[in-house]
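What follows is a single structure, written as structure tokens, with notes after it.
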Amino acid sequence: MEQKRNLAIVGAQWGDEGKGKIVDILSEGFDVVARYQGGHNAGHTIRIGDRQFILHLIPSGIFHDGVECVIGNGVVVDPEALIEECDALARAGIRVEGRLHVSTRSHLILPYHRVVEKALEESQGTRKIGTTSRGIGPSYEDKVARRGLRVSDLADARALADRIRDLVQSKNRALSALGHRDAIDAEPICDAYAGYAERLRPLVSDTAVLVNRRIRDGRRILFEGAQGALLDIDHGTFPYVTSSTSTSGGIPSGLGIAPRHVHEVMGVVKAYTTRVGCGPFPTELPPDAAERLRARGAEFGATTGRPRRCGWFDAVAARHAAMINGLDRLVVTKIDVLDGCGDIPVCVGYDYKGSPLGEFPPDAEVLKRVEPRYETRPGWTASTAGAKAWADLPGEAQDYLKFLSDLTETPLGVVSTGAERTETIRLD
Ligand code: GDP
Ligand code: IMO
Ligand code: MG
């Protein structure tokens, strides 16, 4: 049998499952950590001792000095955000230069993408998505419409300025149709992007060639997903999703490698569920109970600071995520948040119009109306916080974790018992 080398770590709920922490700790066994989709809508938190870092674009392998980090062609890059993140890491003593590679094929986010997104969201009424306002969707729109600017376009300042001027004109027309009064001025954008071009030049390369070379040389690659399966543009709760393929299927095209190089996929879930932004959430708790879970789990967005909506574990949604991603292993995080919270309901099925639904429904309007069916598991009073071995967990916590694994038909790989790197139980 072929030895398992390359590993994908993906979110298996609505994002914020704790992917950053898991990628960070597993990175030590890898040579390259690569992001393949999304942008700085992601917020990946890593706690090392009493220092906390939140990464948005830079892969979570950056804290291991021997690891190369790749931002692949499937990612949309806001150069200002990327430079800020590089500078913040440099100030913290983390070496980025020579270790971070940005694809020449990545599409750029420009300031007008944020303005267009805001105007669109404001015009949506009840169909508002509750985005992170980072310009992610409009940048992907320009990519698919084949008019977007790519990192490679930064190379020629004069041609870049001409393209920006043309694009700003068409964005101003669209904004005016949406009732937006102030026109965007192209000139400050041209100047700023000429400056970003200089800063980014040393980082830019054909990362598809780089990653394929590393693979050919037998190096191990860890693929870092952003967002989660239920935010995937095709398989999530459309239209309340992000604009990229956040599931494992996005890896080959988002990096320019063959699917056969993705050897194993780990899906990260919280021991309960959270969601930021709008859209259906069958197991969402009423405000008071949600507030208790939010306070215990510090559930506030790592990117926007918004309070996360909170609810119980949803095994129907997690099973869907396991199927679409082809999960080999399950990572369960934040088990410590459930310490001492009494018996724990888990959603084991949905009823719709009085009958059980076999599968996770593809239609968000149906999902809004399903009735979750719960099975309650005994809680535990002893602390799981900081546990480093399976045997240190109370029996009820072990049973709860086994229950989640059985429901998702996916063996447990890792259990996380705290935000800090070492607060982790590895089961393989
Ligand atoms: P990501 O986007 O999937 O990387 O997750 P976020 O960083 O947005 O959110 C996860 C939050 O939970 C962060 O604040 C982490 O520091 C924290 N966290 C991760 N694992 C654990 C855990 O096992 N227990 C607790 N209490 N916090 C955790
Ligand atoms: P990480 O990688 C949680 C959500 C937004 C919104 C929807 C669309 O930290 O798990 P977008 O700005 O992407 O167009 O917003 O997706 N969203 C996330 N929610 N974690 C994230 O990333 C998210 N990235 C986007 O809240 O509902
Ligand atoms: Mg996050």
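Numbering of ligands and ligand atoms starts at 1, following listing order. In this chain, numbering begins with 1 at the start of the sequence shown. Quantities reported herein were computed from a predicted structural model and do not represent experimental measurements. Computed from heavy atoms alone, side chains included, the values below leave out hydrogens, waters and symmetry copies.
With salt bridges taken as basic N to acidic carboxylate O contacts below 4.0 Å, one links Arg199 and Asp87. At a threshold of 4.0 Å, the pair Glu97-Arg99 does not count as salt-bridged, since none of the basic side-chain nitrogens sits closer than that to a carboxylate oxygen. A salt bridge does not link Arg114 to Glu117: none of the charged nitrogens lies less than 4.0 Å from a carboxylate oxygen. A salt bridge links Lys171 to Asp142: one of the charged nitrogens lies within less than 4.0 Å of a carboxylate oxygen. Between Arg134 and Asp78, no side-chain nitrogen of the basic residue sits less than 4.0 Å from a carboxylate oxygen of the acidic one, so the salt-bridge criterion is not met.
Here the heavy atom of the protein found nearest to atom 3 (C) of ligand 2 is Asp16 OD2, 3.2 Å. The nearest protein atom to atom 12 (O) of ligand 2, hydrogens excluded, is given as Thr132 OG1, 2.5 Å; this is a heavy-atom distance. Summary of contacts: the protein heavy atom closest to atom 27 (O) of ligand 2 is Val276 O, 3.1 Å. Nearest protein heavy-atom neighbour of atom 13 (O) of ligand 2: Thr242 OG1, 2.6 Å. Here the protein heavy atom with the shortest distance to atom 10 (C) of ligand 1 is Asp16 O, 3.7 Å. Looking only at protein heavy atoms, the nearest one to atom 15 (C) of ligand 1 is Thr45 CB, 3.9 Å. Protein heavy atom at the shortest distance from atom 11 (C) of ligand 1 is Lys334 NZ, 3.6 Å. With hydrogens left out, the protein atom closest to atom 26 (O) of ligand 2 is Arg306 NH2, 2.9 Å, a heavy atom. Summary of contacts: the protein heavy atom closest to atom 15 (O) of ligand 2 is Thr131 CA, 3.4 Å.
Looking at ligand 1, you'll find an N or O of Asp336 within less than 3.5 Å of one of its N or O atoms. Between Ile335 and ligand 1, no pair of N/O atoms sits closer than 3.5 Å. The shortest N or O to N or O distance between Thr333 and ligand 1 is not under 3.5 Å. Polar contact with ligand 1: absent for Val337 (N/O pair, distance under 3.5 Å).
Checking Glu299 against Tyr272 by side-chain atom types alone, a donor-acceptor pair falls below 3.5 Å. Between the side chains of Tyr112 and Asn172, no donor-acceptor pair is found at a separation under 3.5 Å. No side-chain donor-acceptor contact under 3.5 Å links Lys334 and Ser416. Looking only at atom types and distance, the side chain of Asn41 has a donor-acceptor partner in the side chain of Gln227 under 3.5 Å away. If you check the side chains of Gln37 and Ser246, you find no donor sitting under 3.5 Å from an acceptor. Between Thr384 and Asp336, the side chains place no donor N or O within less than 3.5 Å of an acceptor N or O (distance only, hydrogens not considered). Between the side chains of Thr274 and Lys270, at least one donor N or O sits under 3.5 Å from an acceptor N or O.
In Arg134, neither the side chain nor the backbone holds a heavy atom less than 4.0 Å from any atom of ligand 2. Looking at Leu231 against ligand 2, only its side chain comes within 4.0 Å, counting heavy atoms.
A side-chain contact (heavy atoms from CB on, under 4.5 Å) with Arg275 holds for exactly one of Asp16, Thr283, Leu231; it is Leu231.
Cation-pi check for Arg377 over Phe403 is met; the charged atom lies under 6.0 angstrom from the ring centroid and within 45 degrees of its normal. For the pair Arg220 and Phe30, the distance from NZ or CZ to the six-membered ring centre is under 6.0 Å and the angle to the ring normal is within 45 degrees.
Residue Thr417 approaches ligand 1 through these ligand atoms, each under 4.0 Å from one of its heavy atoms: 23 (O). Near Ala226, meaning under 4.0 Å from any of its heavy atoms, are these atoms of ligand 2: 2 (O). Near Ser416, meaning under 4.0 Å from any of its heavy atoms, are these atoms of ligand 1: 20 (N), 21 (C), 22 (C), 23 (O). Near His44, the atoms of ligand 1 lying under 4.0 angstrom from a non-hydrogen atom of the residue are 1 (P), 2 (O), 4 (O), 7 (O). When each atom of ligand 1 is checked for a heavy atom of Gly20 under 4.0 Å away, the hits are 4 (O). The atoms of ligand 2 that sit less than 4.0 Å from any heavy atom of Val241 are 7 (C), 8 (C). Distances below 4.0 Å separate heavy atoms of Gly130 from the following atoms of ligand 2: 5 (C), 6 (C), 26 (O), 27 (O). Applying the 4.0 Å criterion to heavy atoms of Gly43 picks out, from ligand 2, the atoms 1 (P), 9 (O). Short contacts between ligand 2 and Ala42, defined as distances under 4.0 Å to a heavy atom of the residue, involve ligand atoms 1 (P), 2 (O), 9 (O), 22 (O). Listed by number with element, the atoms of ligand 2 under 4.0 Å from a non-hydrogen atom of Trp14 are 3 (C), 19 (N). Close contacts of ligand 1 with Ala302, meaning ligand atoms under 4.0 Å from a residue heavy atom, involve 8 (O).
Between Ala302 and ligand 2 there is no heavy-atom distance shorter than 4.0 Å. Put simply, no part of Gly11 is less than 4.0 Å from ligand 1, judged by heavy atoms. Distances shorter than 4.0 angstrom do not occur between any heavy atom of Thr303 and any atom of ligand 2. Using 4.0 Å as the threshold, Tyr240 has no heavy atom nearer than that to any atom of ligand 2. The shortest separation from a heavy atom of Ala298 to ligand 1 is not under 4.0 Å, leaving the residue out of contact. Not close to ligand 1: Arg47, with no non-hydrogen atom less than 4.0 angstrom away. Residue contacts with ligand 1: Arg308 is included, with a non-hydrogen atom under 4.0 Å away. Residue contact check for ligand 2: Lys19 places a non-hydrogen atom closer than 4.0 Å to it.
For an aromatic pair to be called close, the ring centres must be under 6.0 Å apart, and Phe223 with Tyr36 fails this.
Note on the Mg ion (ligand 3): protein N/O/S atoms under 2.8 Å are Asp16 OD1, Gly43 O.
Between Ile184 and Val115 the shortest side-chain heavy-atom distance falls below 4.5 Å.
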Q. Going through the distances and angles, do His56 and Glu85 end up as a side-chain hydrogen bond (donor to acceptor under 3.5 Å, both in side chains)?
A. CA-CA 8 Å; His56 301 286; Glu85 209 169 310; 5.4 Å; no
Q.
Evaluate Lys19 against Thr333 for side-chain hydrogen bond (donor to acceptor under 3.5 Å, both in side chains), listing each step before the verdict.
A. CA-CA 9 Å; Lys19 299 175 292 293; Thr333 63; over 6 Å; no
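Evaluated by nearest non-hydrogen atom to atom 25 (C) of ligand 2, the leading choice among Arg35, Gln227, Arg275, His40 is Gln227.
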Side-chain donor-acceptor pairs of residues 385-399 under 3.5 Å, sequence neighbours excluded:
{"from": "Lys388", "atom 1": "NZ", "to": "Gly386", "atom 2": "O", "distance (Å)": "3.3"}
{"from": "Gln398", "atom 1": "NE2", "to": "Trp390", "atom 2": "O", "distance (Å)": "2.8"}

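Between the CG atom in Leu412 and the CD1 atom in Ile425 there is a gap of 10.0 Å [rounded to 0.5 Å].
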